Amino acid sequence: MTAVKRLLHLQPPADTDDGTSEEEKTTLQRHIEFWDPKGTGVIWPRDVYAGFRRLGFSRAFSTAITPIISGGLSFNTQTSKIPDPRLPVYVERIHLGIHTSDTGSYDAKGHFDSKRFDEVFAQYDIGNKGGLTQEEVKALTRGQREPKDPKGWTGSWIEWNISFHLAARESPDGKLLLYKEDLLGIMDGTLFPKISKEVAEGTWVRHGHLSPGLRRP
């Protein structure tokens with residue numbers, strides 16, 4: 001059994017409610033709670049894998065992305081001085097996983113900064129279309145880079161490309177756009193259950209090796 005498969009089959013401790021009310025959660029915590037469907041407050045590698053599968057991503061992609069996300073977030077969110085090799089991600093401390101070379105749409109505590117989000121989106125939405133093309137997403141990730149920050153560059157590239165391939169829709173003129181309202185739904189996590197429902201119902205149209213499909217306009 002490969003290391004990735006071992007991660008996916010680890011058995012977490014008994015589920016417990018994290019005790020955090022919906023009102024107390026930050027936007028960043030709500031963003032990732034799709035991967036914590038039982039509300040335990042801990043996201044394990046198998047939860048990451050299952051979440052991407054529910055969003056319609058392939059087994060191969062879900063398997064590949066799981067150790068990247070779990071490994072990238074786990075150690076920053078843990079409280080123990082001895083890292084847990086099972087790679088749990090703690091929802092309450094997810095703000096500690098915010099990386100550099102990002103848009104700054106989440107503040108240091110994980111709250112949504114709508115002014116900053118609007119500024120960055122408007123800067124790269126050429127022609128005020130209400131959505132970003134893939135080239136504009138590429139320009140955005142490059143434009144937010146900080147010097148000598150390859151880890152931050154990589155994290156931003158992964159997040160924005162997954163977002164585009166997950167939620168981009170065809171515009172009336174046939175262009176693929178990541179619309180602002182869909183991006184906001186990704187930021188606060190409200191879009192994920194909607195997409196998961198469409199995938200389960202079979203109304204999601206697949207395309208490409210990375211993306212689960214184009215949502216019907």
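Remember, predicted model here, so these are calculated numbers, not experimental data.
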Restricting to side-chain hydrogen bond (donor to acceptor under 3.5 Å, both in side chains), what partner residues turn up for S163, sequence neighbours left out? none
Residues pairing under ring pair (Phe, Tyr, Trp, His ring centres under 6.0 Å) where one sits in residues 178-203, two or more places apart or in two chains, turn out to be H31-F192, F34-F192, W35-F192
What is the minimum heavy-atom distance between Y90 and P88, and which atoms define it? CE1-CG, 3.7 Å
Give the cluster check for I68 versus V48: same hydrophobic cluster or not, with ILVMFWY residues linked at side-chain heavy-atom distances below 4.5 Å. yes
More than 12 heavy atoms of other residues, nucleotides or ligands under 6.0 Å from CZ of R142: yes or no? no
If I compare all heavy atoms of P45 with all of S70, which pair ends up nearest, and what's the gap? CA-OG, 3.6 Å
Within a 6.0 Å radius of atom CH2 on W153, are there more than 12 heavy atoms belonging to other residues, nucleotides or ligands? yes
Working note: I162 + F57, criterion side chain to side chain contact (heavy atoms under 4.5 Å, CB included); need CA distance, chi angles, decisive distance, verdict. CA-CA 10 Å; I162 289 177; F57 286 96; 4.2 Å; yes
Mind listing the closest non-hydrogen atom pair of I186 and A167 along with its distance? CD1-CB, 4.0 Å
Which residue, K151, E146, E159, forms the side-chain hydrogen bond (donor to acceptor under 3.5 Å, both in side chains) with H99? E159
Of all residues at least two apart in sequence or in a different chain, which pass the side chain to side chain contact (heavy atoms under 4.5 Å, CB included) check with I94? L28, Q29, I32, L73, T77, V89
Within this structure, what is the CZ-CE distance for the pair F112 and M187, rounded to the nearest 0.5 Å? 5.0 Å
Walk me through it: do F52 and I69 pass the test side chain to side chain contact (heavy atoms under 4.5 Å, CB included)? CA-CA 11 Å; F52 276 98; I69 291 179; 3.4 Å; yes
Would you call T190 and R30 a side-chain contact if the rule is heavy atoms closer than 4.5 Å? no
ILVMFWY cluster, L166 and L177 together (side-chain gap under 4.5 Å): no
CZ of R93 to NE2 of H95, rounded to nearest 0.5 Å, is 7.0 Å
Can you check salt bridge (charged side-chain N to carboxylate O under 4.0 Å, His left out) on K175 and E136, steps first, answer last? CA-CA 12 Å; K175 293 181 180 179; E136 289 166 346; over 6 Å; no
Using side-chain heavy atoms (C-beta onward) and a distance below 4.5 Å, is Y49 in contact with T63? yes
Quick one: closest heavy-atom pair of Y124 and G143, and the distance? OH-CA, 3.3 Å
Just so I know, are the side chains of W160 and T103 near enough to count as touching, which here means a heavy-atom distance under 4.5 Å? yes
Enter the distance from S156:OG to Q144:CD here, rounded to the nearest 0.5 Å. 7.5 Å
Which pair of non-hydrogen atoms, one from K138 and one from T141, has the smallest distance, and what is that distance? O-OG1, 2.8 Å
CZ/R54 to OG/S62 distance, rounded to the nearest 0.5 angstrom? 10.5 Å
Any residue meeting salt bridge (charged side-chain N to carboxylate O under 4.0 Å, His left out) with D84, in chain and number order, not counting sequence neighbours: R86
Does the side chain of F121 come within less than 4.5 Å of L184's, by heavy atoms? no
If I take atom OG1 from residue T26 and atom CG from residue D107, how far apart are they, to the nearest 0.5 angstrom? 8.5 Å
Reported CZ-to-OG distance for the pair F75 and S80, which is rounded to 0.5 angstrom: 11.0 Å
Heavy atoms of L191 and D182 approach each other most closely as CD2-O, 3.5 Å
Sorted by chain and residue number, the salt bridge (charged side-chain N to carboxylate O under 4.0 Å, His left out) partners of D113 (sequence neighbours excluded) come out as none
Indicate yes or no for a side-chain donor-acceptor contact from D125 to the backbone of G130 under 3.5 Å, with no hydrogens or angles considered. yes
Could you tell me whether a side-chain N or O of D47 sits under 3.5 Å from a main-chain N or O of W44, the two making a donor and an acceptor? yes
Is a side-chain donor or acceptor of D36 paired with a backbone partner of G41 at a separation under 3.5 angstrom? yes
Partners of Q78 by side-chain hydrogen bond (donor to acceptor under 3.5 Å, both in side chains), sequence neighbours excluded? S74
Any side-chain heavy atom of F164 within less than 4.5 Å of one from L176? yes
ILVMFWY network linking I158 to I43, side-chain heavy atoms under 4.5 angstrom: yes
Side chain to side chain, L178 and Q134, heavy atoms closer than 4.5 Å: no
